[in-house]
Amino acid sequence: MSRFWRPGSEKPSASLVDDEEGGVLLLPTNTNSSSSSGFGYASLERQRQRLPVYKYRKAILYLVERHATTIVVGETGSGKSTQIPQYLKEAGWAEGGRLIGCTQPRRLAVQTVASRVAEEVGVKLGEEVGYTIRFEDQTNPGMTMIKFLTDGVLIREMMEDPLLTKYSVIMIDEAHERSISTDILLGLLKKIQRRRPELRLIISSATIEARSMSTFFSIRRKNSLPESADDLPNPEPAILSVEGRGYTVETHYVEEPVSDYLLAAVSTVLIIHEKEPPGDILVFLTGQDDIDAALKLLNDEIQHLRKHYFDLVILPLYSGLPRGDQDLIFAPTPKGKRKVVISTNIAETSLTLEGVVYVVDSGFSKQKCYNPISDIESLVVAPISKASARQRAGRAGRVRPGKCFRLYTEEYYLNEMQADGIPEMQRSNLVSCIIQLKALGIDNILGFDWPASPSPEAMIRALEILFSLGILDEDAKLTVPIGFQVAEMPLDPMISKMILSANDFGCSDEILTIAAFLSVQSVWVSMRGVKKEFDEAKLRFAAAEGDHVTFLNIYKGFHQSGKSSQWCYKNFLNHQALKKVIEIRAQLVRVMKRFGIPLKSCDRDMQAVRKAIIAGSFANSCHLEEYGQNGMYKTIRTSQEVYIHPSSVLFRVNPKWVVYQSLVSTDKHYMRNVIAIEPSWLTEAAPHFYQYRTPNPAPH
DNA sequence: GTTAGGGTT
């Protein structure tokens, strides 16, 4: 019989290697027992001591002991994410069953940092050192001392345990990125600190924006505590700065502003290749369009130049790229060749490319914008901040000293570029954010102490939408049970509402599948080159009712194929995305079970399915303008001009009345995930909304 | 008449 290394059992020894049954090979990794004078352990320890943060070990522990909040400013490579949690554990912060928590904005970062720390501590991942991300809990209650998790997961944990009583210290990493989740967390943690003054916070940030962070966390104690409370930490935040370990990066600017950053980027790449020693080039552009265009320009140029330019390996990089193409980016550069990666800002924070020595920075990126009056989020090309520019430049100094070529003038950088970007909270629709705060008992949204306050207009718009969905009542409190149930579901509230309404139409089974599809980016593989085949593949699943029903067809096909990746490839479907659909659906089934809502299928009654969809998306109804521009719709609520997105199965079909799931705004407002409806269903689903919103919405 | 910066529950 095989012996597995179970939690709580003895650590495996070398003799536990067992491959009798064809494949269980458990080699001990680095153990921390003193008897193991393993070379691996010693060198790991030496590596830890070489990190810049090591010098500050004592200082950090002292500040955390004495201050409620410690702000650690450190560039990448300082080792703060992996080392500080270990220092805290060594100093006893995890004693007595308490937890040291460390959040990251991204799932991948959580996993990699956690496994690195487990290795350094010399324990099996998931025991003393563990992590939790959505769909994956690698912790062992009672055993785990250091826990890594995404900000989003920590917010969810607060719904069970609002004061986060299990934690003695919480470190918020990458706080400078100011994602919505990070900002919500910062605001909530400040509140928790008032109730739990013994809780320690560490805010880890890459920029000096730390100062505004410090102002945010300083607690003025007007009715100040008596002096005797000196076992409590100082409420005034401490700031500590740790240098990074990156190599120096020489910055070059253009002398005159460039009129076309695409052309400038292409010629800069060619100049670097001609004049600079070996080393890969990373180019930052804004989006897939830009990147494809630059790729083509670069390849055209090379055709006309000398042979020596054939040494360039030019690769695109953006999140929508199929998995196989993304792997090419990480393959080592062939000998005698130079890799050129043309990327969106995915390479700024989410992915790290080894071997980059030269960075070309266009100075632009696509950024989300939100207009609370029209309730439309859009993506616009906008100038980046100084903080982003420095982050981009830093990508050139990971292996050896590098160079960064900025396609803007030094004068512009010094005098016109914003120091920091606008926090995402101030550029987004707040519906999800507000429902999370409500679920945590924060009733006064307008009076909430936000790290960066969103506009009152944006907050009011979100409250209005939640009210019209029946999630909030007239007093802006969560309704029972709908409001509380929606808050518990890990979805866009409109989608949650759709699920809860499905029960009335007897189609919860179908609606759960649709909800899962709506929660992933896109299930199609973007292939611009083979459009004809792609369109044909899509037609195999297309439903006359629209995209939501098409998803049901894809789901059925995927199941019948045995969840085959081959099948996905043949049908231009993203296998990863479909596996995620399955996971999300399973999670939703569990939530429904908890609510006591039965799963029911309506078989082929797609009218029921469409009516359930409308119960969530009735506010997104549109009517085709028959005498207007071809394919132009107008929203019923605001008479906004909108068009069906080319990825929709209803593109060019143009039914008279439609409801959309979301708007994507580029040069036009495009409706994504569209379904054809009868106008009478709208008044049926939301009489309150259509009566007071528009005097005469339906023609009949 | 034709399209997606990056994340997360």
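All values below were derived from every heavy atom in this structure, side-chain atoms included, with hydrogens, water molecules and symmetry-related copies excluded.
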My understanding is that only residues two or more places apart in sequence, or in another chain, count here; which of them pass ring pair (Phe, Tyr, Trp, His ring centres under 6.0 Å) with A/Tyr643?
none
Go through B/dT9, B/dA4, B/dG6 for me and flag the one nearest to the A/Gln436 side chain.
B/dT9
Among B/dT2, B/dG5, B/dG6, which is the nearest nucleotide to the side chain of A/Ile346?
B/dG6
Using ring pair (Phe, Tyr, Trp, His ring centres under 6.0 Å) as the criterion, list what pairs up with A/Tyr633, not counting sequence neighbours.
none
Where the side chain of A/Asn630 is concerned, which of B/dG1, B/dG6, B/dG7 is the nearest nucleotide?
B/dG1
Which residue lies toward the 5' end of DNA chain B, A/Gln521 or A/Arg652, if each is placed at its nearest nucleotide?
A/Arg652
Considering only B/dG5, B/dT2, B/dT9, which nucleotide approaches the side chain of A/Thr344 most closely?
B/dG5
Should A/Glu136 and A/Arg107 count as an ion pair when the cut-off is N to O under 4.0 Å?
no
Does B/dG6 have OP1 or OP2 sitting under 4.0 Å from an N or O in the side chain of A/Ser179?
no
DNA chain B: A/Gly287 or A/Met489, which has the more 5' nearest nucleotide?
A/Gly287
Partner set under side-chain contact (heavy atoms from CB on, under 4.5 Å) for A/Ser181, not counting sequence neighbours:
A/Asp151, A/Ile155, A/Ser179
Measure from the side chain of A/Thr150, starting at C-beta and using heavy atoms only, and say which of B/dT9, B/dT2, B/dG6 lies closest.
B/dT9
Sequence neighbours excluded, which residues qualify as ring pair (Phe, Tyr, Trp, His ring centres under 6.0 Å) partners of A/Tyr167?
none
Regarding A/Asn654, tell me which of base, sugar-phosphate or nothing describes its non-hydrogen contacts under 4.0 Å with the strands shown.
base
Taking 4.0 Å as the cut-off, does a side-chain nitrogen or oxygen of A/Thr286 come that near to OP1 or OP2 on B/dG5?
no
State yes or no: are the ring centers of A/Phe148 and A/Tyr131 separated by less than 6.0 Å?
no
Over all strands shown, is A/Thr349 touching base, sugar-phosphate only, or nothing at heavy-atom distances under 4.0 angstrom?
nothing
Is the base of B/dT8 touched by the side chain of A/Arg106 through a donor-acceptor pair closer than 3.5 angstrom?
no
Residues of residues 131-139 of chain A with any non-hydrogen atom less than 4.0 angstrom from an atom of DNA chain B: list those, numerically ordered, please.
A/Ile133, A/Arg134
Is A/Arg107 touching bases, backbone alone, or none of the nucleic acid, heavy atoms closer than 4.0 Å?
sugar-phosphate
Is there a donor and acceptor pair, one atom on the side chain of A/Glu424 and one on the base of B/dG6, closer than 3.5 Å?
yes
Sugar-phosphate, base or nothing in reach of A/Ser365, heavy atoms under 4.0 Å:
nothing
Can you list everything that forms a side chain to side chain donor-acceptor pair (under 3.5 Å) with A/Tyr370? Sequence neighbours excluded, please.
A/Asp375
